[in-house]
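Okay, so here's the structure we're looking at.
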Amino acid sequence: MMTIYDTALRNFEAAAAILTSLQAGRINLAEEAVDALVGKPKLLLAEGYNDIGKSFGVCLPGGKKAELIPQEGETGLDLRAGSSMTWMTLEGAIPAQSTATQCYLEIEAEGESSIVADVFVRELTPGGAVDGPLNEWRIPSDGMTVFRLAMPESSEGTTNPRRIIVHLRQPPRRIILRRLAMTLF
């Protein structure tokens, strides 16, 4: 006969196993960028795609520039985009060996205003980039939010890594990213 203690212990072990698997699939993009900026006062970003770390990148429209500055005494980034930027993407590379069917994105941002973003998976194929369905995400100007993205299956001929794209519409001139991570499972 199973006791209350045995049931509680089994539930605890199951929860611990789930948390362990989630931690294994978590990629902290903000931390990766902060590590890439160690010893540098800032990183200048140019138009097009900018690699910032092993898994993190930012893409800017033509003719635009931005700066990425580590926050002093904190884990966070100050992203200064300048004026009249119509869009910007924050991109996280999905590891080639990943078989994830879901992705949870988390962001804690501080800015002049809330941001509306389109979130999708981009696959790089020999014929060019193929974007998955767009999903709208409202990012508050002063808090943390989580977004669940169902991952489409890879197309045949995909050259990994695929990327999770957070396409910011009309981004504010300055965004402080205190947290930016993706958890694949």
Side-chain angles (χ1 to χ4, degrees), residues 19-61 64-95 98 100 102-122 134-149 151 161-185:
L19 286 173
T20 301
S21 72
L22 288 175
Q23 281 181 320
R26 188 169 191 270
I27 301 169
N28 189 332
L29 301 171
E31 186 177 280
E32 196 176 283
V34 168
D35 289 348
L37 291 168
V38 169
K40 300 175 189 172
K42 64 183 170 184
L43 179 63
L44 298 175
L45 307 175
E47 66 180 69
Y49 185 76
N50 297 268
D51 270 320
I52 296 170
K54 185 176 92 173
S55 301
F56 181 51
V58 174
C59 188
L60 303 176
K64 300 296 180 181
K65 295 179 182 178
E67 297 177 335
L68 194 61
I69 304 166
Q71 288 282 281
E72 283 193 42
E74 298 180 35
T75 300
L77 302 162
D78 188 347
L79 183 56
R80 297 181 185 183
S83 61
S84 70
M85 196 165 298
T86 56
W87 62 268
M88 169 192 313
T89 64
L90 307 176
E91 305 187 15
I94 301 168
S98 176
Q102 295 183 63
C103 176
Y104 281 89
L105 296 162
E106 58 189 83
I107 190 168
E108 183 177 352
E110 183 182 314
E112 302 161 357
S113 61
S114 297
I115 305 167
V116 177
D118 295 310
V119 181
F120 56 94
V121 175
R122 174 167 287 159
L134 299 179
N135 302 274
E136 187 174 278
W137 186 16
R138 294 194 179 276
I139 302 168
S141 62
D142 61 350
M144 194 197 98
T145 185
V146 176
F147 184 84
R148 181 184 165 280
L149 178 66
M151 304 277 288
R162 297 186 301 162
R163 293 184 183 145
I164 303 288
I165 309 291
V166 179
H167 182 272
L168 307 177
R169 301 184 213 159
Q170 305 289 327
R173 293 177 3 172
R174 183 176 183 204
I175 306 167
I176 297 174
L177 296 171
R178 301 206 186 284
R179 182 185 312 196
L180 179 61
M182 59 187 203
T183 302
L184 303 163
F185 66 98

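Just so it is clear, the values below take in all heavy atoms, side chains as well, and ignore hydrogens, waters and symmetry mates. Throughout, numbering of the chain's residues begins at 1 and tracks the sequence.
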Beyond-backbone contact of [X] with [Y], side-chain heavy atoms, under 4.5 angstrom:
| X | Y | answer |
| --- | --- | --- |
| L180 | F56 | yes |
| V58 | L68 | no |
| I107 | V166 | no |
| L45 | L79 | yes |
| I139 | F147 | no |
| R162 | M151 | yes |
| C103 | V119 | no |
| L168 | I175 | yes |

### Query
Where does the angle between the aromatic ring planes of H167 and F120 fall among parallel (under 30°), tilted (30 to 60°) and perpendicular (over 60°)?
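The arrangement is tilted - the two ring planes meet at 30° to 60°.
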Minimum-distance pair of heavy atoms, taken over all atoms of [X] and [Y]:
| X | Y | value |
| --- | --- | --- |
| A181 | N28 | CB-CA, 3.9 Å |
| P41 | I69 | O-CG2, 3.6 Å |
| S113 | P172 | O-CG, 4.3 Å |
| S114 | P140 | OG-CA, 3.8 Å |
| I52 | A36 | O-CB, 3.0 Å |
| L29 | G92 | CD1-CA, 4.1 Å |

Supply the atom-to-atom distance [X] [atom1] to [Y] [atom2], rounded to the nearest 0.5 angstrom.
| X | Y | atom1 | atom2 | result |
| --- | --- | --- | --- | --- |
| W137 | T145 | CH2 | OG1 | 6.0 Å |
| L105 | T183 | CG | OG1 | 8.5 Å |
| R174 | D78 | CZ | CG | 4.0 Å |
| I176 | D142 | CD1 | CG | 11.5 Å |

### Message
Test your reading of the model: is there a side-chain donor-acceptor pair from E32 to the backbone of S55, 3.5 Å cut-off?
### Response
yes
### Task
For residues 38-54, pull every pair meeting salt bridge (Lys or Arg N to Asp or Glu O under 4.0 Å), keeping only residues two or more places apart or in separate chains.
K42-E67
### Query
Pairs in or reaching into residues 105-118: which pass salt bridge (Lys or Arg N to Asp or Glu O under 4.0 Å), with residues at least two apart or in two chains?
R26-E106, E106-R179, E108-R179, E110-R178, D118-R169
### Query
Sequence neighbours excluded, which residues qualify as ring-ring contact (aromatic ring centres under 6.0 Å, His included) partners of Y49?
none
